[in-house]
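Report on one structure; see the data block that follows.
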Amino acid sequence: MYIISGTASNTVAEELSHILKIPRANTISKRFPDTEFYVRILDNIKNEHVVIVQTTYPDPNLVELLLLQNAAEEAGAKKITVVIPYYGYARQDTLFQAGEAISAKAIAGLISLNADIVITVDPHKEHILDFFSTSAKSCTAVPEIANYLKQKNLDLILAPDKGALSRAKQASNIIGCDFDYMEKTRIDGTTVEIKPKNLDVQNKNVGIIDDIISTGGTMAKSIKELKIQGAKKVYVSCTHGLFAGDAIKKISLSGCDEIIATDTIHSYYSTVKVAASIAPLIK
Ligand code: R5P
């Protein structure tokens, strides 16, 4: 059995290798002068179960995953488990308007071509797992994030909208604090409205937990509202820190005390590791 890491997911692959005591395969990956990607698996993986680990965001990482899967198939791997720490395109999970692509379905179709099992972390919605024509499972990084937040003496953990309340509830059980949600309305891809809601946060330490931080609009508006209502400290956390554009600046300027993300996507804010949640699903 081998772990094969794509270039986007080295820390997750390294941790999985450590937890499961499975060696990492040696690979060569490079870009041709025209930027096309090249991969080669150096170890003999014929008849082996291989676990390929690669986040599919941004797009070049998706191509790399597809090439790694093909390389494993061509080399005669017996079983291919694909671990996708962050599955991009999951938010376009239905036809919102006629003529669109169902992106989550389109990408799942490609990944399913050379995969026996797909495992991902906190997919935006669980039903996207049905788009894979192979067996697909998910796990959650909420316990790891909550364990990190435990050190922050939180009085309250919030979901940015009612739909995400179960995430805040799960975290609150681990942290040992109250939980609630904010009233969010999405206007468009970059604009959200957070309605004032009386949360009794006066002089309290508050955490917010979400699956994704993209433009940072949701978190920035939430932090501002909480600070207006007298919150002492506000910590924002997410599984997948995309931090598109000036997200970090927006969040920081709104008075955030700390930004916490996991290593499903590498960034300066990837303080929480997710491998412990993924490992039990690999068999
Ligand atoms: C939406 O349903 C997600 O859970 C996140 O709240 C959203 O993706 C965050 O986006 P942004 O950072 O652009 O506000």
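Atoms within each ligand, like the ligands themselves, are counted from 1 in listed order. Just so you know, these numbers come straight off a predicted model, no measurement behind them.
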Using a 3.5 Å cut-off and no angle test, enumerate the donor-acceptor pairs between side-chain atoms of residues 17-25 and protein atoms at least two apart in sequence or in another chain.
{"unit_1": "Ser17", "atom_1": "OG", "unit_2": "Ile22", "atom_2": "O", "d": "2.8"}
{"unit_1": "Arg24", "atom_1": "NH1", "unit_2": "Glu14", "atom_2": "OE1", "d": "2.6"}
{"unit_1": "Arg24", "atom_1": "NH2", "unit_2": "Asn10", "atom_2": "OD1", "d": "2.8"}

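Taking the charged nitrogens against the carboxylate oxygens, Asp257 and Lys227 do have a contact shorter than 4.0 Å, which makes a salt bridge.
His49 and Thr81 form a side-chain donor-acceptor contact under 3.5 Å, judged by distance and modelled atom types alone. Between the side chains of Ser29 and Glu64, no donor-acceptor pair is found at a separation under 3.5 Å.
The number of heavy atoms from other shown groups lying within 6.0 Å of OH (Tyr268) does not exceed 12.
By the 30° and 60° cut-offs, the orientation of the rings of Phe132 relative to Tyr87 is tilted.
Closer than 4.0 angstrom to ligand 1 lie heavy atoms from Arg91, His124, Lys184, Arg186, Asp210, Asp211, Ile212, Ile213, Ser214, Thr215, Gly216, Gly217, Thr218.
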